[in-house]
Amino acid sequence: MEQPTLFLLVLCLALGAHGLSVEKCNLTGRWKNDLGSNMTISAVDEKGNFTGSYNTSVADTPNKIQLSPLVGFQHLTNPIGQPTFGFTVNWTFSDSITVFTGQCFVDKNGKEVLKTMWLLRSRVDNIENDWKATRVGTNEFTRLEPQ
Ligand code: BTN
């Protein structure tokens with residue numbers, strides 16, 4: 001084989017392999033975040049819907065923290081790799097709701113990590129207090145046990 005042809009063949013193989021490699025990242029399972037909160041996400045269905053439960057380690061209420069339900073969507077791309085997602089937690093022990101949006105990444109060590117941003121809405125007694133009803137932040141989740 002001529003040298004330029006060989007070079008092109010190697011180049012195509014390298015580019016092809018890179019283009020086809022899809023970093024798989026699966027939301028299903030048990031996760032822990034940087035605050036020490038835990039959550040469990042059930043199987044994601046064929047439309048990207050999922051449900052789960054959230055056990056927060058912190059709360060802005062004197063009430064006893066209780067396990068709270070979550071519902072969400074994973075964005076289904078084809079092929080599925082490092083997908084975006086969003087979910088809502090309906091706190092059962094507090095008059096507040098938190099929405100999370102994020103992306104599932106595979107880090108340089110091959111570990112899955114969920115990078116999220118959240119928006120929490122607390123109930124306030126009147127519209128004059130609306131200004132203090134929302135908080136935002138970020139959370140990073142790592143898997144509690146390997147899949
Ligand atoms: C409340 O305080 O009214 C309900 C609990 C809110 C917990 C928040 S949600 C965002 C942040 N991440 C967590 O894991 N817990 C806090």
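Just so you know, ligand 1 is whichever comes first in the structure, and atom 1 is the first atom listed for that ligand.
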Sidechain-backbone polar pair: S42 side chain, T51 backbone, donor-acceptor under 3.5 Å: yes
Any F141 side-chain heavy atom under 4.5 Å of M39 side chain: yes
W118 and F100 aromatic ring geometry - parallel, tilted or perpendicular at 30°/60° bounds: tilted
Region of S96 engaging ligand 1 - heavy atom pairs below 4.0 Å: side chain
Test applied, side chain to side chain contact (heavy atoms under 4.5 Å, CB included); reference residue, V89; option that passes from V71, T56, L70: L70
Ligand-side contact atoms (ligand 1) for residue partner S37, heavy atom cut-off under 4.0 Å: 13 (C), 14 (O), 15 (N)
Minimum-distance protein heavy atom relative to atom 15 (N) of ligand 1: T56 OG1, 2.9 Å
Element-labelled atoms of ligand 1 that are located less than 4.0 Å from some non-hydrogen atom of T98: 9 (S)
Pairwise side-chain contact, S53 with S68, heavy-atom cut-off 4.5 Å (strictly under): no
Heavy atom of the protein closest to atom 2 (O) of ligand 1 (residue, atom name, distance): D60 N, 2.8 Å
Among W91, W118, F141, F100, closest by any non-hydrogen atom to atom 5 (C) of ligand 1: W91
V58 neighbourhood, listing ligand 1 atoms whose heavy-atom distance to it stays under 4.0 Å: 5 (C), 7 (C), 15 (N), 16 (C)
Interfacing atoms of ligand 1 (cut-off 4.0 Å, heavy-atom, S94): 1 (C), 3 (O), 4 (C)
Heavy-atom side-chain contact between I65 and W91 under 4.5 Å: no
For atom 6 (C) of ligand 1, closest protein heavy-atom neighbour: L120 CD1, 3.5 Å
Which segment of N33 sits under 4.0 Å of ligand 1 when only heavy atoms are counted: side chain
Charged N-O contact under 4.0 Å between R121 and D130: yes
Atom indices of ligand 1 within 4.0 angstrom of Y54 heavy atoms, with elements: 12 (N), 13 (C), 14 (O)
Worked verdict on F105 versus K115 for side chain to side chain contact (heavy atoms under 4.5 Å, CB included): CA-CA 7 Å; F105 288 106; K115 288 286 201 176; 3.8 Å; yes
Polar atom proximity, R135 to ligand 1 (N or O, under 3.5 Å): no
Distance-only side-chain donor-acceptor flag, Y54 / N90, under 3.5 Å: no
Option set N139, T61, N38, criterion heavy-atom distance to atom 12 (N) of ligand 1, minimum: N139
